Trainee: 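Got a structure for you, questions after.
Numbered from 1 within each chain, the chains take letters A, B, ... in sequence-line order. Below, each value reflects all heavy atoms present in this structure, side chains not excepted, and no hydrogens, waters or symmetry copies. Just so it is clear, the model here is predicted, and its values are computed rather than measured.
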Amino acid sequence: MRYNAPKGTTDILPDTARKWQYLESKAANMFKNYGYEPIITPIFEHTEVFTRSIGISTDIVQKEMYTFKDKAGRSLTLRPEGTAPVIRAYVNNNMQQLPQPVKLYYMGPMFRYERPQAGRYRQFWQIGVEAIGSDDPALDAESILLMINYFKSLGLKGLTLYINSMGCDKDRPKYMELLREYAEANRKRLCKDCQKRIDLNPLRLFDCKDESCQLVMKDAPKLLNYLEVDCRKHFNMVKRYLEMQKIEYIVKPELVRGLDYYTKTTFEVISPFLGAQNAIGGGGRYDKLVEEFGGSPTPGIGFAIGTERLAIAVEKEGAFDSIEDRMDVFIAVADQSAKPNAIDILYALREAGISADIDYMGRSLKAQLKYANRRGFKYTVFIGPEELEKKRVAVRNMETGEQIEINIDELIKVMRDIVMERF
RNA sequence: GUGAUCGUAGCUCAAUUGGUCAGAGCGUCGGACUGUGGCUCCGAAGGCUGAGGGUUCAAGUCCCUUCGAUCACCCCA
């Protein structure tokens, strides 16, 4: 019996895996450059970690979580996003004792039970960062800049940055009342889903693509206009920091993200290459989240990038072309009698930091060359009875076909010189 | 969860209005060159046509179910 990978999952084959590694290592370097450190949290958490933080009324919690009971009857959930686990870990490990802010990044798979589509899978990868412990608007700007500059470093163009402010607990409740009243007054003109949203989560009304709903919401009160003075100042500072770094942005009052924990700044970056699932990265501030997990009041901000969406965009820009990943040396064995000696040399090369491989299929010499060519080795070294007797080996440059002969004891040294010098 | 389109060798695709043993290119392996790749030529392996059922003398082709893929809604990264 043959099995497919489960719906919405896929095998990341070497060609793609290599590209992802490239994206991840570039990210790790840049995050370090901005003062962020790696953290690895469990793939699953107690279900409550997500229901309480993301919000019970959100789609993620309502219908997209992989929730199961373990053998002891605990309700566990495969993480649908990365922020809640990191905040849980922050509180759990008393990280408020560390110098603040605590700046962390993570990379790994997330899980949501959704209908698969271009750029949307049930197991998908995210690259994310969180900065916990400061409410400085300069940190909001840093978070946004970090994401934008990372994209730039990958050669991405044509991205659009949207920002918004969701207010805080001083202005949001008042505004929500206003919004509810407005929506209620226009209930009849709203679609069925939106009528439900009036009570559940009226902010989401802004997201609806239904024409009639959009028409209604166009004239709805906008949170941005009701921001209390601190929040407005904060948002203005964020914008100013972005402008200082010459970052273009569009303020989008309708930008309401689907996780309830956001406060103040939210942002999202859109790529033109991604079809319907065009958000390549997004995030925001979550000043109430640490408290939600039982910590002392602590602000925070972060974002997540969709790795496969990022890979699609980078691919479209042709920016993967520069990845060089060829192996250094293939050892061609001219006669099986020379194999033990050849293997000896193989390991010596590897130990010297030169990537090397050998035939394990009993191929003819000719077939070995063919194989070396297909696998893209830079050099082939010939080992056979003749070479062993004369103590000289031939080294063939597989690109140019040039072949030189050197003393066998010099092989390691010469290969190391060649390989290091050229790359 | 809803809708549309689509499932034929590892990959990309053929197969007349349902009608002989389901084909090709690429890839893999081997050979032409008995110790030297890339080009060319030759050969081999590889398919219960996604799965299950039905209609028919006859199904890759028509119908139903199911699974999966793709795209959109929805949602978000």
Trainee: To the nearest Å, give me how far apart CZ (A:F377) and C1' (B:G37) are.
Mentor: 13 Å

Trainee: Return the residues of residues 333-342 of chain A meeting this criterion: a heavy atom under 4.0 Å from some atom of RNA chain B. Order them by number, or give none.
Mentor: A:A334

Trainee: Got a minute to check which stems RNA chain B is part of, using Watson-Crick or G-U wobble pairs under 3.5 Å, three or more consecutive?
Mentor: B:1-7 with B:67-73, B:10-13 with B:23-26, B:28-32 with B:40-44, B:50-54 with B:62-66

Trainee: Looking only at the aromatic ring of each residue, does the gap between the centers of A:F111 and A:F124 stay below 6.0 angstrom?
Mentor: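 Between A:F124 and A:F111, the centre distance exceeds or equals 6.0 Å.
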
Trainee: Between B:G30 and B:U36, how far apart are the two P atoms, rounded to whole Å?
Mentor: 15 Å

Trainee: Provide the distance between the two P atoms, one in B:A14 and one in B:A24, to the nearest whole Å.
Mentor: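 Straight-line distance between the two P atoms is 16 Å.
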
Trainee: Side chains of A:Y371 and A:R375 only: does a donor on one sit below 3.5 Å from an acceptor on the other?
Mentor: yes

Trainee: How about A:E130 and A:Y286: does a side-chain donor come under 3.5 Å of a side-chain acceptor?
Mentor: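 A pair is found: one side chain offers a donor N or O, the other an acceptor, under 3.5 Å apart.
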
Trainee: So what does A:F303 touch, heavy atoms closer than 4.0 Å: a base, only the sugar-phosphate, or nothing?
Mentor: nothing

Trainee: Would you tabulate the pairs of protein nitrogen or oxygen atoms and nucleotide nitrogen or oxygen atoms of nucleotides 41-50 of chain B closer than 3.5 angstrom?
Mentor:
none

Trainee: Any side-chain N or O of A:R374 less than 4.0 Å from the OP1 or OP2 oxygen of B:G37?
Mentor: no

Trainee: Among B:C75, B:C73, B:G37, which is the nearest nucleotide to the side chain of A:Q117?
Mentor: B:C73

Trainee: Please answer whether the main-chain N or O of A:M95 pairs with a side-chain N or O of A:N93 as donor and acceptor at a distance below 3.5 Å.
Mentor: no

Trainee: Is a donor-acceptor pair below 3.5 Å formed from side chain A:R120 to base B:C75, judging by atom type as modelled?
Mentor: yes

Trainee: Do side-chain atoms of A:D136 reach the backbone of A:A138 as a donor and acceptor pair under 3.5 angstrom?
Mentor: yes

Trainee: Determine the Euclidean distance between corresponding P atoms of B:A4 and B:G60; express it in Å to zero decimal places.
Mentor: 27 Å

Trainee: Specify the separation, in whole Å, of atom CG of A:D15 and atom P of B:G27.
Mentor: 16 Å

Trainee: Do A:R285 and A:D140 sit within salt-bridge range, that is, some charged N less than 4.0 Å from a carboxylate O?
Mentor: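 Here A:R285 pairs with A:D140 in a salt bridge, since their nearest N and O are under 4.0 Å apart.
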
Trainee: Which pairs, protein N/O on one side and nucleotides 2-8 of chain B N/O on the other, fall under 3.5 Å?
Mentor:
from, atom 1, to, atom 2, distance (Å)
B:U2, O4, A:R115, NH1, 2.4

Trainee: Identify every side-chain donor-acceptor pair in residues 31-44 of chain A under 3.5 Å, counting partners at least two apart or on other chains, and give the distances.
Mentor:
from, atom 1, to, atom 2, distance (Å)
A:Y34, OH, A:N149, ND2, 2.8
A:Y36, OH, A:E142, OE2, 2.9

Trainee: Write down the distance separating the P atoms in B:G23 and B:U55, rounded off to the nearest Å.
Mentor: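 Each nucleotide's P atom is 29 Å from the other's.
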
Trainee: Quick one: is A:K366 getting a side-chain N or O under 4.0 Å of the B:G37 phosphate, OP1 or OP2?
Mentor: yes

Trainee: Is the shortest distance from a Lys or Arg side-chain nitrogen in A:E315 or A:K19 to a carboxylate oxygen in the other one below 4.0 Å?
Mentor: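 Result for this pair is yes, salt bridge flagged.
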
Trainee: Between A:D328 (side chain) and A:V419 (backbone), is there a donor-acceptor pair under 3.5 Å?
Mentor: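 Looks like no, no N/O pair under 3.5 Å.
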
Trainee: When you measure from the side-chain N and O atoms of A:S364 to the phosphate of B:G31, is any distance below 4.0 Å, counting only OP1 and OP2?
Mentor: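 Looking at the OP1 and OP2 atoms of B:G31, one of them is under 4.0 Å from a side-chain N or O of A:S364.
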
Trainee: Taking any heavy-atom pair under 4.0 Å as a contact, classify A:A332: base, sugar-phosphate, or nothing.
Mentor: nothing

Trainee: Can you list every pair that meets salt bridge (Lys or Arg N to Asp or Glu O under 4.0 Å) and has a residue in residues 363-372 of chain A, with sequence neighbours left out?
Mentor: A:D359-A:R363

Trainee: Checking all strands, does A:Q403 fall into the base, sugar-phosphate, or nothing category for heavy-atom contacts under 4.0 angstrom?
Mentor: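 Counting heavy atoms under 4.0 Å across all strands, the contact made by A:Q403 includes a base.
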
Trainee: Within residues 306-317 of chain A, find the residues that approach RNA chain B with a heavy atom at under 4.0 Å, and present them sorted by residue number.
Mentor: A:G306, A:R309

Trainee: Residues of residues 53-66 of chain A with any non-hydrogen atom less than 4.0 angstrom from an atom of RNA chain B: list those, numerically ordered, please.
Mentor: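 Residues of residues 53-66 of chain A that come under 4.0 Å of RNA chain B are, in numerical order, A:D59, A:E64.
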
Trainee: Would you kindly give the CG-to-P distance between A:L369 and B:G37, to the nearest whole Å?
Mentor: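 Taking CG of A:L369 and P of B:G37, I get 6 Å after rounding.
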
Trainee: Can A:R350 be said to sit on top of A:Y347's aromatic six-ring, NZ or CZ under 6.0 Å from centre and within 45° of the ring axis?
Mentor: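 Yes, a cation-pi geometry holds between A:R350 and A:Y347.
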
Trainee: Step by step, would you call A:Y121 with A:E114 a side chain to side chain donor-acceptor pair (under 3.5 Å)?
Mentor: CA-CA 7 Å; A:Y121 307 94; A:E114 293 185 275; over 6 Å; no

Trainee: Can you work out whether A:A118 or A:Y121 has the more 5'-proximal nearest nucleotide on RNA chain B?
Mentor: A:A118

Trainee: Counting N and O atoms only, with roles assigned by atom type, does the side chain of A:Q403 sit under 3.5 Å from a partner on the main chain of A:A394, one being a donor and the other an acceptor?
Mentor: no

Trainee: Taking atom types as modelled, find out whether A:T298 and A:E291 have a side-chain donor-acceptor pair closer than 3.5 angstrom.
Mentor: no

Trainee: Who passes ring pair (Phe, Tyr, Trp, His ring centres under 6.0 Å) against A:Y113, sequence neighbours left out?
Mentor: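 Partners of A:Y113 under the ring pair (Phe, Tyr, Trp, His ring centres under 6.0 Å) test: A:Y66.
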
Trainee: Could you tell me how far apart A:L365 (CG) and B:G37 (P) are, to the nearest whole angstrom?
Mentor: 8 Å

Trainee: Would you kindly give the CE-to-C1' distance between A:M110 and B:C75, to the nearest whole Å?
Mentor: 17 Å

Trainee: Please report, rounded to the nearest Å, how far the P atom of B:G27 is from the CZ atom of A:R375.
Mentor: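 Atom-to-atom, A:R375 to B:G27, this comes out as 17 Å.
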
Trainee: Side-chain donor-acceptor pairs under 3.5 Å in residues 271-282 of chain A, sequence neighbours left out?
Mentor:
from, atom 1, to, atom 2, distance (Å)
A:S271, OG, A:F273, N, 3.1
A:Q277, OE1, A:R309, NH2, 3.4
A:Q277, NE2, A:Q117, OE1, 2.9

Trainee: Under 3.5 Å, is there a donor-acceptor pair between the side chain of A:E389 and the main chain of A:E386?
Mentor: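 The answer is no, because no donor-acceptor pair under 3.5 Å joins these two groups.
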
Trainee: Assign each of A:A304 and A:G8 to its nearest nucleotide of RNA chain B by heavy atoms, then name whichever residue's nucleotide is nearer the 5' end.
Mentor: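 Its nucleotide being nearer the 5' end, the pick is A:G8.
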
Trainee: Which nucleotide in the list B:G68, B:G37, B:C75 gets nearest to the side chain of A:E114?
Mentor: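 The nucleotide sitting nearest to the side chain is B:C75.
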
Trainee: Restricting to non-hydrogen atoms, name the atom on A:Q368 and the atom on A:I331 that form the minimum distance, rounded to 0.1 Å.
Mentor: OE1-O, 3.9 Å

Trainee: Could you give the distance separating B:C11 and B:C67 at their C1' atoms, to the nearest angstrom?
Mentor: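 After rounding to an integer number of Å, I get 22 Å for this pair.
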
Trainee: Could you check whether A:L259 gets within reach of a base, just the sugar-phosphate, or nothing at all, counting any heavy atom under 4.0 Å?
Mentor: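 Answer is sugar-phosphate: A:L259 comes under 4.0 Å of backbone atoms only.
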
Trainee: Check A:E410 with A:K413, please: is the shortest side-chain N to carboxylate O separation under 4.0 Å?
Mentor: no

Trainee: Using whole Å, report how far NZ of A:K7 lies from C1' of B:U70.
Mentor: 11 Å

Trainee: So, A:R326 and A:E399, do they make that salt bridge, N to O below 4.0 Å?
Mentor: yes

Trainee: Can you tell me, in whole Å, how much space there is between the P of B:G52 and that of B:C42?
Mentor: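 So the two P atoms sit 38 Å from each other.
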
Trainee: Rounded to whole Å, how long is the line connecting atom CE of A:M398 with atom C1' of B:C39?
Mentor: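 Rounding to the nearest Å, CE of A:M398 and C1' of B:C39 are 15 Å apart.
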
Trainee: Which is true for A:G283 with a 4.0 Å heavy-atom rule: it touches a base, it touches only sugar-phosphate, or it touches nothing?
Mentor: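 Since no nucleic acid heavy atom lies under 4.0 Å of A:G283, the category is nothing.
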
Trainee: Is A:D409 salt-bridged to A:K391, going by a charged N under 4.0 Å from an acidic O?
Mentor: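 Judged by the 4.0 Å cut-off on N to carboxylate O distance, A:D409 and A:K391 do not form a salt bridge.
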
Trainee: Does a side-chain N-to-carboxylate-O contact under 4.0 Å join A:E45 and A:R79?
Mentor: no

Trainee: List in numerical order all residues of residues 267-277 of chain A for which some heavy atom is under 4.0 Å away from an atom belonging to RNA chain B.
Mentor: A:G275, A:A276, A:Q277

Trainee: Can I get a per-line list of side-chain donor-acceptor pairs under 3.5 Å for residues 152-159 of chain A, giving both atom names and the distance, sequence neighbours left out?
Mentor:
from, atom 1, to, atom 2, distance (Å)
A:S153, OG, A:Y150, O, 2.7

